[in-house]
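The structure presented is a predicted model; accordingly, all values stated were derived computationally and were not measured. All residue numbers refer to positions in the sequence shown, counting from 1. Both counts, for ligands and for their atoms, begin at 1 and track the order of listing.
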Amino acid sequence: MQILHRFAGSIQRYSEELSDAERYRPDHCPQCEANHPLRAHGFYTRTLVDIAYDGTIHVRRYLCRCCKRTVSLLPEFALPYLRFGIVVIALFLVARLLFGLTLKAAAESAKLRAMPYQRGQLWLRCFRRQAEKLCAALATLIAPPAAPDFISRALQMLESIGWIAAHRFLFANLRAHLLGWPAFLTPDGRLTTLPPVAPPA
Ligand SMILES: [Zn+2]
């Protein structure tokens, strides 16, 4: 299970603070609700592309002694299952969809100079597909503004709330993923399990 680590600061600061297992240790298990602190359980690494950062980061893991399941503390500037950080994706989407820049100019404004054309197209497609769902989910936080369509309404709401704050809210109860859950986690961010295949008769 992934939970978000509320962290406002540079990636470098994040990496420094990570060495202290006590600092953000969850005091109870979010999965079985056992009411005792979780035990530090190493790290996993993932890649991250952010403004002025392109490399790997460590994500701290904790283990629950009761249910034996792990909880990882994903920093909230990173999107689950996406290599690119929220800030660069936000800059790109706003530049393209709100300000009408070309794909290339939008990528440049997000400091993604060498970004392949197809990746930008994919983000746009994912976001367009999510827009209506995002508007509905974020209406709990802010009154939906008047806008010609769901895409610009969702963008305006995200800009007002702040993309990271909105992501934190959406993620908390798996309401929605900013760009939609990947196929293996649909619907709604849950791991899908396939029924066992019956052996051939
Ligand atoms: Zn547990």
Notebook entry, point to check: Looking from the Zn ion (ligand 1), what is the angle between SG on Cys67 and SG on Cys29, to the nearest 10°?
Noted result: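 Result: 110°, to 10°.
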Note to self: To 10 degrees, how wide is the angle SG (Cys32) to the Zn ion (ligand 1) to SG (Cys64)?
What the structure shows: 110°
Notebook entry, point to check: Only one of Arg61, His5, Arg25, Gln2 clears side chain to side chain contact (heavy atoms under 4.5 Å, CB included) with Leu73; which?
Noted result: His5
Checklist line | Whether Arg83 side chain and Leu48 backbone form a donor-acceptor pair below 3.5 Å | finding: no
Next item on the list: Give a yes or no answer on whether the side chain of Arg153 reaches the backbone of Pro145 with a donor-acceptor pair at less than 3.5 Å.
Entry: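 Yes; at least one donor-acceptor contact below 3.5 Å.
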Next item on the list: Verify the ring-centre separation between Phe92 and Phe84: is it less than 6.0 angstrom?
Entry: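 Between Phe84 and Phe92, the centre distance exceeds or equals 6.0 Å.
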Check: How about Cys66: does one of its N, O or S atoms come closer than 2.8 Å to the Zn ion (ligand 1)?
Finding: no
